[in-house]
There are 2 protein chains.
Amino acid sequence: MQAEYDVYEDKCPTRMVLDRLADKWSVLILDRLDNEAVRFNQLRRDIKGVSQKVLSQTLKKLERDGLISRTVFATVPVTVEYALTPLGKTLTDCVSELAHWAERNMDEVLAAQKSYDKTLD
Amino acid sequence: MQAEYDVYEDKCPTRMVLDRLADKWSVLILDRLDNEAVRFNQLRRDIKGVSQKVLSQTLKKLERDGLISRTVFATVPVTVEYALTPLGKTLTDCVSELAHWAERNMDEVLAAQKSYDKTLD
DNA sequence: CCGCATCCAGATTGATACTG
DNA sequence: CAGTATCAATCTGGATGCGG
């Protein structure tokens, strides 16, 4: 039986989940991990603009939430692979839609911004 | 014809859209506006925990992006209604899935966190 | 290769007070 | 009712250097 949660309530734990998703890097990371495991520096290279520190922090939070897994291979030097968990996989279905909505509707958003800014004298 | 955007690229404008969505209040506001227009103070009351200032700022950004509309009625005192635009409506279909994913999977996330924290001694 | 520790500047936010 | 203005406090992120 599932507890009743209400995102509109302050202190509702679902707010934590939204906070985690409410982070552009999380969305990009989850989207990037869709379909394949990726190593740390590969993620760093692929997701342009993320700093090492923030990437590391974000990965740790996602791991804590059970959305991604972290696997260490005892190679020299060490290899670390990040991958989606089953739970994370269910989330990326929503998340990737978001990322691709952004790509599809970008032109319209940019036009709206331009038009809005013009009304401000 | 649609330009080619790649969310993984730094400086890609789609990042702006993700940044906007990457805000817990935006998600909650868009979800709350689904199906009905809502007034400022009503939003403030419904979305528990948001400050007047941040709500105001967030609404302005969403309006600028063309996702919501702002309508002023010349009553005394004034009435201001916020509603989704057609563009915003297409987005809420993704967004509401996110909010409800959070509600559905909250238990599992909380369990994962608990388990993760225990491994840290 | 993968990350943590530190330092520091800049962005965000909350509280409070005030306007049309 | 629906905001804006201001200021202090906090949080965040980038840069750098080190360690397993």
Side-chain angles (χ1 to χ4, degrees), chain A residues 10-11 15-16 18-29 32-33 36-65 68-83 116-117 119-121, chain B residues 9-12 15-16 18-29 32-33 36-65 68-83 116-117 119-121:
Chain A
D10 200 6
K11 289 173 194 142
R15 286 279 182 92
M16 282 189 333
L18 284 181
D19 286 355
R20 181 77 55 255
L21 301 178
D23 170 3
K24 61 176 170 179
W25 302 121
S26 294
V27 171
L28 291 172
I29 291 169
R32 180 65 187 81
L33 289 181
E36 58 175 332
V38 184
R39 298 174 59 179
F40 184 86
N41 276 337
Q42 188 64 45
L43 279 173
R44 180 153 159 53
R45 276 190 299 274
D46 289 350
I47 302 178
K48 311 241 168 52
V50 69
S51 75
Q52 173 197 48
K53 175 174 154 188
V54 171
L55 177 58
S56 158
Q57 287 173 343
T58 308
L59 287 169
K60 206 176 298 179
K61 289 178 196 166
L62 290 172
E63 187 195 358
R64 178 167 183 268
D65 290 346
I68 66 175
S69 65
R70 178 176 182 276
T71 312
V72 181
F73 296 95
T75 52
V76 179
V78 77
T79 300
V80 181
E81 266 191 4
Y82 293 93
Y116 180 93
D117 292 345
T119 69
L120 304 181
D121 307 344
Chain B
E9 279 303 320
D10 199 7
K11 293 175 191 141
C12 174
R15 287 280 182 91
M16 282 191 333
L18 284 181
D19 286 355
R20 180 76 56 257
L21 301 178
D23 170 2
K24 62 174 170 180
W25 302 123
S26 294
V27 172
L28 291 173
I29 291 170
R32 180 64 189 81
L33 290 182
E36 59 174 331
V38 185
R39 297 173 58 179
F40 185 86
N41 277 336
Q42 187 65 44
L43 279 172
R44 181 152 159 54
R45 275 190 299 273
D46 289 350
I47 300 176
K48 311 239 167 55
V50 69
S51 74
Q52 172 198 50
K53 177 171 145 189
V54 171
L55 178 57
S56 157
Q57 288 172 343
T58 308
L59 286 169
K60 208 176 298 181
K61 289 179 196 165
L62 291 172
E63 188 195 357
R64 177 167 184 268
D65 289 345
I68 65 175
S69 64
R70 179 177 180 275
T71 311
V72 181
F73 297 94
T75 53
V76 180
V78 290
T79 300
V80 179
E81 267 191 3
Y82 292 92
Y116 180 94
D117 292 344
T119 68
L120 304 181
D121 305 343

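As the structure is a computational prediction, the values presented were derived from the model and not from experiment. First the proteins, then the strands, lettered A, B, ... as listed; each starts at 1.
With C:dG3, C:dC1, D:dC1 as the candidates, the nucleotide lying closest to the side chain of B:Val78 is D:dC1. In the set C:dC1, C:dC4, C:dG3, the nucleotide with an atom closest to the side chain of A:Val80 is C:dG3.
Taking atom CZ of B:Arg44 as the reference point, atom P of D:dA2 lies 11 Å away to the nearest angstrom. As rounded to whole Å, 15 Å separates atom P of D:dT12 from atom NZ of A:Lys24. Rounding to whole angstrom units, NZ of residue A:Lys48 and P of D:dG14 are separated by 16 Å. Distance, B:Asn41 CG to D:dC1 C1': 6 Å, rounded to whole Å. The distance between atom CZ of A:Phe40 and atom P of C:dC1, rounded to the nearest whole Å, is 11 Å. As rounded to whole Å, 8 Å separates atom C1' of D:dA2 from atom OH of B:Tyr82. Regarding B:Leu43, its CG atom lies at a distance of 13 Å from the P atom of D:dC1, rounded to whole Å. In this structure, CG of B:Asp19 is placed 16 Å from P of D:dT12, rounded to the nearest angstrom.
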Write out a two-atom table: protein N or O, nucleotide N or O from nucleotides 8-15 of chain C, distance below 3.5 Å.
| unit_1 | atom_1 | unit_2 | atom_2 | d |
| --- | --- | --- | --- | --- |
| C:dG14 | OP2 | B:Ser51 | OG | 3.4 |
| C:dG14 | N7 | B:Lys53 | NZ | 3.2 |
| C:dG14 | O6 | B:Lys53 | NZ | 2.1 |

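With hydrogens and angles disregarded, no donor-acceptor distance shorter than 3.5 Å links the side chain of B:Thr79 to the backbone of B:Phe73.
To the nearest 0.5 Å, atom CD1 of residue A:Ile47 and atom CD of residue A:Gln42 are 10.0 Å apart.
Judged by distance alone with a 3.5 Å cut-off, a donor-acceptor contact links the side chain of A:Gln52 to the base of C:dC4.
When side chains are defined from C-beta on, A:Leu43 does not count as touching A:Val50, because their heavy atoms never get closer than 4.5 Å. By the 4.5 Å heavy-atom criterion applied to side chains, A:Ile29 and A:Leu55 are counted as neighbours. When side chains are defined from C-beta on, B:Asp65 does not count as touching B:Met16, because their heavy atoms never get closer than 4.5 Å.
Proximity of B:Arg39 to the phosphate of D:dC1: no side-chain N or O atom is located under 4.0 Å from OP1 or OP2. The phosphate of D:dC1 (OP1 or OP2) has no side-chain N or O of B:Thr75 nearer than 4.0 angstrom. OP1 or OP2 of D:dG3 lies within a sub-4.0 Å distance of a side-chain N or O belonging to B:Arg70.
Nearest heavy-atom pair across B:Ile68 and B:Tyr82 is CD1-CD2, 3.9 Å. For A:Arg32 against A:Val38, the heavy-atom pair with the smallest separation is NH1-CG2, 3.7 Å.
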